[in-house]
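Here is the naming used below: chain letters follow the sequence lines, and residue numbers restart at 1 for every chain. We use all heavy atoms of the structure for the numbers below, so side chains are in, but hydrogens, waters and symmetry mates are not. Values in this document were obtained by computation on a predicted structure and should not be read as measured data.
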Protein chains: 2
Amino acid sequence: MAAPTLDDVAKKAGVSTATVSRCLNTPDRVVKATRERVMEAVKSLGYTPNFAARVMAAKRSFTMGAIIPTMDNAIFARGLQAFQEALHESGYTLLVASSAYTPEIEEEQIRALVSRGADGLLLIGHERDPSVYDFLARQNIPTLVAWSFDATARLPSVGFDNRAAMRAVTAEVIAQGHRRLAMISGICAGNDRATARVAGLRDAVVAAGMDPDAVPIMETHYGIETGAAAFEDLMARTPRPTAVICGNDVQAVGAMGIAAKLGLEVPCDVSITGFDDLEIATIASPALTTVHVPHRDMGRAAARVLVEMVEDKRIPASVELATELRLRASLAPPGG
Amino acid sequence: MAAPTLDDVAKKAGVSTATVSRCLNTPDRVVKATRERVMEAVKSLGYTPNFAARVMAAKRSFTMGAIIPTMDNAIFARGLQAFQEALHESGYTLLVASSAYTPEIEEEQIRALVSRGADGLLLIGHERDPSVYDFLARQNIPTLVAWSFDATARLPSVGFDNRAAMRAVTAEVIAQGHRRLAMISGICAGNDRATARVAGLRDAVVAAGMDPDAVPIMETHYGIETGAAAFEDLMARTPRPTAVICGNDVQAVGAMGIAAKLGLEVPCDVSITGFDDLEIATIASPALTTVHVPHRDMGRAAARVLVEMVEDKRIPASVELATELRLRASLAPPGG
DNA sequence: TTGTATGCGTTATCAA
DNA sequence: TTGATAACGCATACAA
């Protein structure tokens, strides 16, 4: 009735548990005849190794943990998928948890993954309480940060320069003649990507000799509906912005959706830009001008670096990836 | 250097490991003075229980596993989020894995979660190899199916009637005067939801006295781009369909996006319907007619039932939830 | 090549 | 209320 154990298999095959264990982990150290007999028993009993016992005995779990802010939208999906695929190729399983953009929950999830024996951890962004880093150091668990590059931060990272990327978008918007800008940003508290993107916008505005404090910034959670609500609010202001720069494609798509309902045409009446270049950006009407982030490359690079950290026990250099401005129809000079 | 253990805490607090364990698990069975001393030691050492050891000793993990076909889009996100929240309230942690709609990967993930000590499992849909059910039975692990209701299936389920729901959408489309229908469906092989939705469409077509074989059906993976491609293909046919019924909102949104690029207006030139009522359905322009699925209710109900299965060790009745047709602007009589 | 024996960190049983 | 100790299932050092 209970699940079969190594011992059951050993008895059935007429060998010791050590031999069964070897058959499963280092098959070439067992002669073929024995191995076949053991495998036969394994199959007929439907034996599955008990992971907890294996972790305890081997002190390795071949499991990596990742904690992302949300699973609710596509922001992290593509990169995480690539991360997972690359880990799988290296023989690791990925466990994913989400923090709901909440520091307390993130800490709880970190503990949960560590106590589950994760060999390494992937976190998003650098901004968190120092005690978290102390905990990670004490547990001696390799941890990598993604989605945000910062060579000076406490943990190594694989990411891109959010600030420079948003600076480039904004500069382009200004270059096309827009002077009344507005921004829809993610919640900046505890989110270094959102913070950096706001800073990037201000950089560009200042560089153009404009007043950064004259640019209204709506902070909302990443979401289609919240993006739509923020956009509606901005459109009700006087003077009305001619370009709305969004910190994320999800918000931008929400903005585009509500624009149609408000009787505003994009880009004639108002230009909209996004960030991330999610699948939805190319399919939206009009197609969304945005920042292309090499999510898949980032995910694969993160896997490579994290495995290296775990297996070689050394701290690697951070990796910076380039982003790229994708000019599409949602951005045009003011008035069309 | 290594992570602190129960023993370290016990030594530091000057008690036995048993007492420390009790402080953590059944605090009221320890006098306050002792408990405070122990907790003090726990905190100062930054102790985190070793999950593997705990699972081995207690034969319970307070962990549930869920395997969903994909994390790549929002289809399962909302329901899973609610599932997770409800489990959390009951003291369980959720581990999520994705199968990429591939039976082999699903089996692998099931084994991974079982061997990790999951107390219970949530799977999507009923269609899979019988050997999987044998394995689950032998491991004696409570398993629940969601997203698909079928009281006659081998496993209990919490879901809805995909076939009846799609029958209702199609009947409405026909009632509005459409005669040249087409469908964009998910891949039916191994997917009982997609299969049932196609069957529902045929039901309605037959009931209207029309020829079901005259309705072109494009099977594609759920995705914005694939939905767009399928739609483009359908629009190139003669005679051109006046209504395209999609098995999913994601495909429908892809179809709507490409429609604009093809110079087709929705719903004047072609009506489009979806399924799921994701956030994107209301924000799309025009808003998408679709089937509202009570994802959050389903997730919460699934959590309740699964916890019950694990804790009471009995097989519960399946739960059927009602879906609801949401008529919006993307569907109108042919010609506008 | 195979078997024996020990330890991994925790919970639970039984005594004290 | 607390402590000693036996599992739990597996990997591995060491012996044969």
Side-chain angles (χ1 to χ4, degrees), chain A residues 1-39 41-42 45-63 111-112 114-119 139-140, chain B residues 1-39 41-42 45-63 111-112 114-119 139-140:
Chain A
M1 198 65 209
T5 70
L6 248 204
D7 206 51
D8 297 327
V9 176
K11 283 206 183 78
K12 176 135 193 171
V15 297
S16 73
T17 60
T19 298
V20 178
S21 176
R22 276 189 288 260
C23 281
L24 267 27
N25 301 306
T26 52
D28 20 280
R29 307 187 64 180
V30 174
V31 285
K32 196 173 172 189
T34 315
R35 192 172 54 219
E36 279 169 354
R37 201 150 33 92
V38 170
M39 288 314 196
V42 165
L45 288 173
Y47 169 77
T48 302
N50 179 312
F51 186 75
R54 170 177 284 193
V55 169
M56 280 234 317
K59 299 181 162 188
R60 287 278 312 264
S61 67
F62 283 98
T63 296
R111 285 184 174 277
V114 167
S115 88
R116 277 182 165 67
D119 292 334
Q139 296 285 333
N140 204 22
Chain B
M1 199 64 209
T5 70
L6 250 203
D7 206 51
D8 297 328
V9 177
K11 284 208 182 77
K12 177 134 189 172
V15 297
S16 72
T17 60
T19 299
V20 178
S21 177
R22 275 188 289 258
C23 282
L24 267 26
N25 300 304
T26 51
D28 20 281
R29 307 189 64 179
V30 175
V31 285
K32 194 172 172 190
T34 315
R35 190 172 56 219
E36 279 170 354
R37 200 149 35 92
V38 170
M39 288 315 198
V42 165
L45 287 173
Y47 168 77
T48 303
N50 179 313
F51 185 76
R54 183 193 289 244
V55 169
M56 280 231 326
K59 300 180 162 186
R60 286 279 311 264
S61 68
F62 283 97
T63 296
R111 296 185 102 82
V114 168
S115 88
R116 276 182 167 66
D119 293 334
Q139 297 283 335
N140 203 22

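- Using modelled atom types and a 3.5 Å distance limit, the side chains of A/Ser61 and A/Asp119 yield a donor-acceptor pair.
- Comparing C/dT10, D/dG3, C/dG3 by their nearest atom to the side chain of B/Arg22 picks out D/dG3.
- Taking atom CZ on B/Arg54 and atom C1' on C/dA12, their separation rounds to 13 Å, with Å as the unit.
- Distances shorter than 4.0 Å separate none of the side-chain N or O atoms of B/Arg29 from OP1 or OP2 on D/dT1.
- Mapping B/Gly14 and B/Ala53 onto DNA chain D via the closest heavy atom, the residue that lands nearer the 5' end is B/Gly14.
- Of the possible donor and acceptor atoms, none in the side chain of A/Arg111 sits under 3.5 Å from a partner among the backbone N and O of B/Thr48.
- Comparing atom distances between the B/Asn50 side chain and each of C/dG3, C/dT10, D/dT2 picks out C/dT10 as nearest.
- Contact between the side-chain N/O atoms of B/Ser21 and the OP1/OP2 oxygens of C/dT11 is found at a separation under 4.0 Å.
- Among the protein residues, A/Thr5 comes within range of the sugar-phosphate backbone only, with heavy atoms under 4.0 Å from sugar or phosphate atoms but none that close to a base.
- The phosphate of C/dT1 (OP1 or OP2) has no side-chain N or O of A/Thr34 nearer than 4.0 angstrom.
- Look at CZ on A/Arg60: it is 19 Å from C1' on C/dG9, rounded to the nearest Å.
- Between the NZ atom of B/Lys32 and the P atom of D/dT1 there is a distance of 15 Å, rounded to whole Å.
- DNA chain C is contacted by both B/Asn25 and A/Thr17; A/Thr17 maps to the nucleotide lying nearer its 5′ end (nearest heavy atom per residue).
- At a threshold of 4.0 angstrom between heavy atoms, the contacts of A/Phe51 with the nucleic acid are absent.
- Counting to the nearest Å, the C1' atom of C/dG9 and the CG atom of B/Leu45 are 15 Å from each other.
- Within 4.0 Å of B/Leu6, counting heavy atoms only, lies at least one base atom of the nucleic acid.
- Atom NZ of B/Lys59 and atom C1' of D/dA7 are 8 Å apart (whole Å).
- The distance between atom OH of A/Tyr47 and atom P of D/dG9, rounded to the nearest whole Å, is 10 Å.
- In the set D/dC8, D/dG3, C/dT4, C/dT4 carries the atom at the smallest distance from any side-chain atom of A/Ala18.
- For B/Thr19, taking side-chain heavy atoms from C-beta onward, the closest of the listed nucleotides C/dT4, C/dT10, D/dT2 is D/dT2.
- Residue B/Arg37 contributes atom CZ, which lies 15 Å from atom P of D/dT1 at whole-angstrom precision.
- As rounded to whole Å, 17 Å separates atom P of D/dC10 from atom CZ of A/Phe62.
- At most 12 non-hydrogen atoms from other residues, nucleotides or ligands lie less than 6.0 angstrom from CZ of A/Arg29.
- Across all strands, B/Ala58 comes closer than 4.0 Å only to sugar-phosphate atoms, never to a base (heavy-atom distances).
- Picking from C/dG9, D/dA11, C/dT2 the nucleotide with the shortest atom distance to the side chain of B/Met56 gives C/dG9.
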For this session: Step by step, work out the side-chain contact (heavy atoms from CB on, under 4.5 Å) result for B/Arg54 and B/Asn25.
Result: CA-CA 11 Å; B/Arg54 183 193 289 244; B/Asn25 300 304; 3.1 Å; yes
Problem set entry | Stepwise side-chain contact (heavy atoms from CB on, under 4.5 Å) test for B/Leu24 and B/Met39 | CA-CA 8 Å; B/Leu24 267 26; B/Met39 288 315 198; 4.0 Å; yes
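- At a threshold of 4.0 angstrom between heavy atoms, the contacts of A/Val55 with the nucleic acid are absent.
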Exercise. When you look at A/Val15 and A/Val38, which way does the side-chain contact (heavy atoms from CB on, under 4.5 Å) test go after all the steps?
Worked result: CA-CA 8 Å; A/Val15 297; A/Val38 170; 4.0 Å; yes
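- Of all nucleotides listed (C/dT10, D/dC10, C/dT2), C/dT2 comes nearest to the side chain of A/Val31.
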